[in-house]
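Report on the structure given below.
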Amino acid sequence: MAHLADAKSMLDSRGLYEGTTVHGVNPLLLVEKIIRERIFESLYWKEQTFGLNSATLLDRAVELTYIGGQYGNQKPTPFLCLAFKLLQLMPEREIVLEYLHDTDFKYLRALAAFYIRLTWSAVDIFKTLEPLLGDYRKLKLRGQAGFRLTYMDEFMDDLLTKDRVCDIALPRIPTRAQLEDLDELEPRESALESEIESGDESVASGGEDD
C-alpha cells in the first residue's frame, strides 16, 4: 500500500510530527480528518499523486478542468487532492507564486490561491490575492449538486471573505478592515472610487474656469 505510506508520511498518531508547521500545526491537519481519509482512499490520489514533487505536480495541475471540494458520494475532486498534496510538499514560496502568476492555466492559479489562503499569513494573503480580483475568467466548480459556473474574481473574494471554501474550513484570519485598523494594510481603493475621484477633480477644475 505504497500510496498510503506516501499519504500518511507526515501524519503520526502519537503526535510526534517534527516537520514544518503552518499556523502552529502539521499542515496536513488543516484538512479535517474525514476529508483526509476520503482523499487517501480516492482513486485520483492513489493513481495520480503518488511520488509527485513540486515540479511534477505542475503536470497534474495544468490538467485540471474544474475547482471544488467534494462531489457525488462525497468524493474529493482532483483539485482538492492536489491542494492536499501541496500541503504535503510545502513548496517554496517562489514556486507557489510561479503557479499563481501563470496566466495560461487558470485552474493552476486557482489551486495556488487556495493553497496560499490555507498556509500564508493574513497580510500576505490579502496582498497576494487581492490583485487577482481583477481576473474575470470563468471557472467550473463541481460540488454535491453537480457543476456550476463561477469566476476567478468570485473565487478570490470567497477565499478572502468566507470561512469555508471547497468544503475546507479555512484558517481564521482578520478582516481587511481589522488589518487596516492595525495599520498592517493600506486602505484599498476600488476602481469605482478612482473614477468618482477623477470625476470630482474634473468638476472642480471646471468650476475654477468659470
Side-chain angles (χ1 to χ4, degrees), residues 1-42 44-46 48-62 64 67 69-70 76-102 105 107-132 155-156 158-160 162-174 179 182 184-185:
M1 302 291 284
H3 63 275
L4 278 178
D6 178 60
K8 298 184 178 181
S9 62
M10 290 171 60
L11 292 171
D12 190 313
S13 60
R14 298 167 295 172
L16 300 178
Y17 175 73
E18 296 181 349
T20 302
T21 60
V22 174
H23 309 307
V25 300
N26 178 339
L28 298 190
L29 299 183
L30 296 174
V31 176
E32 297 99 315
K33 183 178 180 180
I34 185 63
I35 297 180
R36 291 200 306 266
E37 294 300 328
R38 289 170 184 159
I39 289 172
F40 294 157
E41 294 304 321
S42 71
Y44 185 88
W45 177 272
K46 295 174 183 178
Q48 302 297 327
T49 72
F50 177 72
L52 291 182
N53 57 36
S54 299
T56 54
L57 183 140
L58 181 63
D59 296 332
R60 294 286 180 266
V62 299
L64 291 172
I67 62 173
Q70 300 178 98
T77 61
F79 180 87
L80 189 57
C81 289
L82 290 182
F84 190 75
K85 191 67 182 183
L86 281 174
L87 292 174
Q88 188 181 40
L89 293 173
M90 293 295 292
E92 296 291 332
R93 180 169 292 222
E94 292 74 16
I95 293 175
V96 177
L97 289 175
E98 285 182 15
Y99 291 172
L100 188 76
H101 294 145
D102 190 308
F105 299 100
Y107 293 103
L108 173 63
R109 167 171 285 187
L111 180 67
F114 188 61
Y115 174 79
I116 287 169
R117 176 59 181 86
L118 286 171
T119 60
W120 289 16
S121 71
V123 171
D124 286 343
I125 288 167
F126 277 96
K127 287 182 176 180
T128 306
L129 299 190
E130 277 187 338
L132 302 183
F155 183 59
M156 297 301 158
D158 286 348
L159 291 175
L160 293 172
K162 291 189 175 181
D163 296 326
R164 198 172 190 91
V165 174
C166 293
D167 293 321
I168 298 298
L170 302 175
R172 294 181 63 84
I173 59 172
L179 291 172
L182 293 170
E184 294 188 26
L185 282 180

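Note that the numbering runs from 1 along the sequence shown for the chain.
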Exercise for the section: Dump the intermediate steps for side-chain contact (heavy atoms from CB on, under 4.5 Å) on Y44 and R60, then the final yes or no. Expected result: CA-CA 11 Å; Y44 185 88; R60 294 286 180 266; 3.9 Å; yes

Handout entry: Derivation and outcome, side-chain contact (heavy atoms from CB on, under 4.5 Å), residues I67 and T77
Key = CA-CA 8 Å; I67 62 173; T77 61; over 6 Å; no

Exercise for the section: For the pair L29 and R36, evaluate side-chain contact (heavy atoms from CB on, under 4.5 Å) and give the outcome as yes or no after the intermediate values. Expected result: CA-CA 9 Å; L29 299 183; R36 291 200 306 266; 3.5 Å; yes

Practice task
List the steps, then state whether side-chain contact (heavy atoms from CB on, under 4.5 Å) holds for L64 with F105.
Solution key: CA-CA 9 Å; L64 291 172; F105 299 100; over 6 Å; no

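Residues satisfying the side-chain contact (heavy atoms from CB on, under 4.5 Å) test with A113, not counting sequence neighbours, are L100, L129, M156, L159. Annotation: ring pair (Phe, Tyr, Trp, His ring centres under 6.0 Å) contacts of F79 (sequence neighbours excluded): F114. Under the rule for a side chain to side chain donor-acceptor pair (under 3.5 Å), the partners of R38 that lie at least two apart in sequence or sit in another chain are Q70, Q74. E184 is linked by a side chain to side chain donor-acceptor pair (under 3.5 Å) to nothing, counting only residues two or more places apart in sequence or in another chain. Qualifying side-chain contact (heavy atoms from CB on, under 4.5 Å) partners for H101, counting only residues two or more places apart in sequence or in other chains: L97.
Considering every non-hydrogen atom in both W45 and I39, the closest pair reads CB-O, 3.0 Å. The two residues H23 and L118 have their closest heavy-atom pair at NE2-O, 3.0 Å.
In this structure, the side chains of V96 and I116 come closer than 4.5 Å at one or more pairs of heavy atoms. The side-chain heavy atoms of P78 and Q48, taken from C-beta on, include no pair separated by under 4.5 Å. Here the side chains of F155 and C166 are in contact, with some heavy-atom distance below 4.5 Å.
Ring centroid separation for the pair F40 and F84 comes in under the 6.0 Å cut-off.
For R172, the CZ atom is loosely surrounded, since the number of other residues' heavy atoms within 6.0 Å does not exceed 12.
A distance of 10.0 Å separates CD1 in I95 from CG in L86, rounded to the nearest 0.5 Å. To the nearest 0.5 Å, atoms OG (S121) and CD1 (I173) are separated by 9.0 Å. The CG atom of D158 lies 11.0 Å from the CG atom of D163; values are rounded to the nearest 0.5 Å. Once rounded to the nearest 0.5 Å, the distance linking CG of L82 with OH of Y115 reads 13.5 Å. One distance of note links OG1 of T20 with CG of L89; it measures 12.0 Å at 0.5 Å rounding. One finds the OG1 atom of T128 at 4.5 Å from the CH2 atom of W120 (value rounded to the nearest 0.5 Å).
No side-chain donor-acceptor contact under 3.5 Å links T56 to the backbone of L52.
Screening residues 117-127 for salt bridge (charged side-chain N to carboxylate O under 4.0 Å, His left out), with sequence neighbours left out, gives R93-D124.
Considering L80, L111, N53, T49 in turn, T49 is the only one that fulfils the side chain to side chain contact (heavy atoms under 4.5 Å, CB included) rule with K85.
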